[in-house]
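This report concerns only the one structure given below.
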Amino acid sequence: MTVASEPLLDALDDDQRVVAEALIGPVCVLAGAGTGKTRAITHRIAYGVASGAYDPARVMALTFTSRAAAELRARLRVLGAGGVAARTFHAAALAQLNHFWPLVVGGSAPRILEFKGRLLGEAAERLRLRVDVPTLRDVASEIEWRKVSALGMDAYAERLAARGAPGALTPEQMLALIAGYEQLKDERRMLDFEDVLLATAGMIESEPSVAMHVRESYRHFVVDEYQDVSPAQQQLLELWLGDRRDVCVVGDASQTIYSFAGATPEYLLGFERRYDGATLVRLERNYRSAPEVVAVANRLMRGRAGALQLVAVADDRAHERDGAPERQSTVERTTPVLEPEVVEYADELAEARGVATRIRQRVDAGVPPESIAVLLRVNSQTAILERALEEVGVGSRVRGAARFFDRPEVRQAVHALRAAALTIAGEPLFKSVSDVLRSLGWTVDAPDGPGAVRARWESLNALARLVDDAPPGTTFREFADELRARAEAQHEPPVAAVTLATLHSAKGLEWDEVHIVGLTEGMLPIAYAKGLDAIDEERRLLYVGITRARRRLTLSWPRASGQHRGEREPSRFLQELGTRTPRAVRADAAAAPSSAGRR
């Protein structure tokens, strides 16, 4: 250990410190929700660089979304390890494909097909098949699942015969449609998103020179969210490693919610069997959520394979230690924590209006709207909630709808800030940024009420607030460059509006107060979830939603939908937690082990 590297370990708890100090060999980190896993692995990488154990140019940190990769890069820069590559699996594979294709195959690499639908439609026309748009989308999903699951066509044909093809297609028509799609792709020199992984793996596997070059370039690998890895990604990771064992994987089996996309927790749970002598670390101190929330999450997952038992740690510095300014709690730690509540409503409209009224009361009490989220199972539930929130005068935004950096006013502002940064220097950063934003109509004070004018102001104000997150001494040019990087990665700043999000899209995020709505049989678990495995995935989805809440959690269900009154039943998961939730939570919290402190 060097003097320069010691401070990197000071803010870690005992288990996080074990992760950070295990620099060589296979390491598996089982990290529960809110336990500081990202902090642990970024400090591990930075400690490896600072201590001289790692050459930053030979470290690859891998994750699954551009936003997560951007967050890793930002944290590593702050920790002095900005030279480390942090990418998604696909971004890393695409960079290698573009580099090696001219050397191995000749010519430039094929173009990447962004959407499969049009090509599938053309293939259907060639085959004279009448296929509607929803079925084409299902066929595209099947193609993606087959490839990320690393199934050859013969193996896929066997599974298809057993479970049937989408829509009105027969298995034979489905196979012919897939073959026609692949032929069109080849004719036009195109690869789809999944081909990038497979083609890169093929080059490494078949070309010794490519394998040698890749393994010389990267010596140490860190994989975040490892429970989401697919067979195709695992195959590529193993090819990148070769016969080396310097890999650290981090994940939580209880947050496996992408099985439909090929993800499997088996690689995470079987890590020790594949790597003899691997270091195994469990992170179970939850620094995010109140004990009452943690108790509900533990009860939901108790006895499930790979489930961790979280222990809530009362620590005012939890978010400071987490090192993510955009995620700091906006509610004072002294605010009373209400026990999680189960609320029953007459129908979906009553539920939406009831939730909106509760949120209005919280906003009136001083809670910032951006610290509140309403989580739901499917996107179709958002419309009624948007209207209910608008009725009570609370702004909302749907996560996954129009992306922040794609909004016209944001594109205009980013362009203006970058242009101004080329000519303005020497002024305080806030003055430079606010002057540019004022020229576009931004004001310090917000306009009254919701609506388009308020939404535009919120967008510009979110950019202004990024100045507060900038490290001391940041120049206008550096700020503009960082803004461009955020835009490229779609790393959105917080906007003063309640978030409406599906449970899937909420993964990796957190809010002070969370409402989970629509908890009925047929919605959660969803009606098409058949069999124990599918139901378990729905359970994990609810677990992800519960663990997004820091301070307050409300679960609700409607007795009827708008068309079928009296036909709904509360979710079986609610029945496990039940209307007895407050009493049970109190009992669990009292019986739980005392919060583990730091050394």
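Here the structure is a predicted model, which is why all the values come from computation and not from measurement. Residues take their numbers from the sequence shown, with the count starting at 1.
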Salt-bridge contact Lys37-Asp224 (side-chain N to carboxylate O under 4.0 Å): yes
Counting only N and O atoms by type, is there a donor-acceptor contact under 3.5 Å from the side chain of Arg484 to the main-chain atoms of Arg418? no
Could you work out, with salt bridge (Lys or Arg N to Asp or Glu O under 4.0 Å) as the rule, every residue matching Arg540, not counting sequence neighbours? Glu537
Just do the salt bridge (charged side-chain N to carboxylate O under 4.0 Å, His left out) check on Glu391 and Arg387 with the steps written out, would you? CA-CA 6 Å; Glu391 286 175 2; Arg387 289 196 300 270; over 6 Å; no
Approximate separation, where rounding is to 0.5 Å, of Arg285 CZ and Tyr287 OH: 5.0 Å
Counting only N and O atoms by type, is there a donor-acceptor contact under 3.5 Å from the side chain of Ser434 to the main-chain atoms of Phe430? yes
Quick check: closest heavy atoms across Gly545 and Ile516, and the distance to 0.1 Å? C-CD1, 3.6 Å
What residues form a side chain to side chain donor-acceptor pair (under 3.5 Å) with Asp481, not counting sequence neighbours? none
Value for CH2 (Trp557) from CG (Leu519), rounded to nearest 0.5 Å, stands at 10.5 Å
Ring pair (Phe, Tyr, Trp, His ring centres under 6.0 Å) involving Phe64 - partner list, sequence neighbours excluded: Phe89
Do Val514 and Arg552 come close enough that some side-chain heavy atom pair is under 4.5 Å? no
Hey, is Arg397 close enough to Glu386 for a salt bridge, meaning N to O under 4.0 Å? no
Run the salt bridge (charged side-chain N to carboxylate O under 4.0 Å, His left out) test on Asp512 and Arg551 for me, step by step, so that the C-alpha distance in whole Å, both residues' side-chain angles and the decisive distance to 0.1 Å come before the verdict. CA-CA 5 Å; Asp512 288 318; Arg551 310 285 291 162; 5.8 Å; no
Closer than 3.5 angstrom, by distance alone: can the side chain of Arg288 be matched with the main-chain N or O of Ala33 as a donor-acceptor pair? no
Any side-chain heavy-atom pair from Thr499 and Val374 closer than 4.5 angstrom? no
Could you check Leu509 against Trp511 for side chain to side chain contact (heavy atoms under 4.5 Å, CB included), going step by step and ending with a plain yes or no? CA-CA 7 Å; Leu509 304 175; Trp511 296 269; 3.7 Å; yes
Say you draw a straight line from CG of Asn461 to OG1 of Thr443; how long is it, rounded to the nearest 0.5 Å? 8.5 Å
For the student: nearest non-hydrogen atoms of Ala413 and Leu460, plus distance: CB-CD2, 3.8 Å
Below 4.0 angstrom, N of the basic side chain to O of the carboxylate: do Arg377 and Glu538 qualify? yes
Residues Asp347, Arg559: salt bridge by 4.0 Å N-O rule: no
Identify the heavy atoms of Asp132 and Thr135 that sit nearest to each other, and give their distance. OD1-OG1, 2.6 Å
Is the shortest side-chain heavy-atom distance between Phe476 and Thr423 below 4.5 Å? no
Close side-chain approach of Thr502 to Leu375, heavy-atom, < 4.5 Å: no
Counting neighbours of OH on Tyr345 that are heavy atoms of other residues, nucleotides or ligands and sit closer than 6.0 Å, is the number greater than 12? yes
Counting distance only, does the side-chain N/O of Asn298 pair as donor-acceptor with the main-chain N or O of Gln309 below 3.5 Å? no
Hey, is Arg77 close enough to Glu482 for a salt bridge, meaning N to O under 4.0 Å? yes
Candidate pair Val250 and Leu283, rule side chain to side chain contact (heavy atoms under 4.5 Å, CB included), full reasoning: CA-CA 10 Å; Val250 187; Leu283 300 184; 5.8 Å; no
Passes side chain to side chain contact (heavy atoms under 4.5 Å, CB included), Val544 versus Leu503? Steps please. CA-CA 7 Å; Val544 166; Leu503 291 162; 5.8 Å; no
Calculate, to the nearest 0.5 Å, the distance between atoms CG and CD1 belonging to Leu349 and Ile384 respectively. 5.0 Å
Report the residue from His515, Glu513, Glu341 that forms a side-chain hydrogen bond (donor to acceptor under 3.5 Å, both in side chains) with Arg358. Glu341
Could you tell me whether a side-chain N or O of Ser371 sits under 3.5 Å from a main-chain N or O of Val367, the two making a donor and an acceptor? no
Would Val311 and Asn286 satisfy side chain to side chain contact (heavy atoms under 4.5 Å, CB included), going step by step from the backbone distance to the final call? CA-CA 6 Å; Val311 177; Asn286 179 289; over 6 Å; no
Taking only residues two or more places apart in sequence, or in another chain, which ones meet Gln255 in a side chain to side chain donor-acceptor pair (under 3.5 Å)? Asp252, Arg548
In terms of relative ring orientation, are His504 and Phe260 parallel, tilted or perpendicular, with 30° and 60° separating the classes? perpendicular
Side chains of Phe573 and Pro525 in contact at under 4.5 Å (non-hydrogen atoms): yes
Side-chain (Arg399) to main-chain (Leu500) donor-acceptor, under 3.5 angstrom: no
Does Leu62 reach the side chain of Thr88, with side-chain heavy atoms less than 4.5 Å apart? no
Minimum heavy-atom distance between Ser289 and Thr547, given as atom pair plus value: OG-O, 4.0 Å
Between the side chains of Arg299 and Glu576, is the shortest nitrogen-to-carboxylate-oxygen separation below 4.0 Å, so that they form an ion pair? no
Report yes if some heavy atom in the side chain of Val342 is under 4.5 Å from a heavy atom in the side chain of Leu574; otherwise report no. yes
Gap separating the OG1 atom of Thr520 from the CD atom of Glu344, nearest 0.5 angstrom: 12.0 Å
Could you check whether Glu351 and Ser556, counting side-chain N and O atoms only, form a donor-acceptor pair closer than 3.5 Å? yes
Test side-chain hydrogen bond (donor to acceptor under 3.5 Å, both in side chains) on Glu427 and Ser432; report intermediate values, then the result. CA-CA 6 Å; Glu427 295 181 346; Ser432 300; 3.1 Å; yes
For Asp138, the side chain to side chain donor-acceptor pair (under 3.5 Å) test, sequence neighbours excluded, returns none
Check whether any side-chain heavy atom of Val414 sits under 4.5 Å from a side-chain heavy atom of Arg411, and report yes or no. no
Which atom pair, heavy atoms only, marks the closest approach of Ser396 to Leu389? CB-CD1, 3.8 Å
Qualifying residues under salt bridge (Lys or Arg N to Asp or Glu O under 4.0 Å), relative to Glu144, sequence neighbours excluded: Lys116
Main-chain N/O of Glu521 paired with Arg572 side-chain donor or acceptor, under 3.5 Å: no
Tell me the closest heavy-atom pair linking Thr35 and Gln16, and the distance in Å. O-NE2, 3.0 Å
Point-to-point distance, once rounded to the nearest 0.5 Å, from CG of Asp228 to OH of Tyr258: 6.5 Å
Hey, are Arg39 and Asp13 close enough for a salt bridge, meaning a charged N less than 4.0 Å from a carboxylate O? no
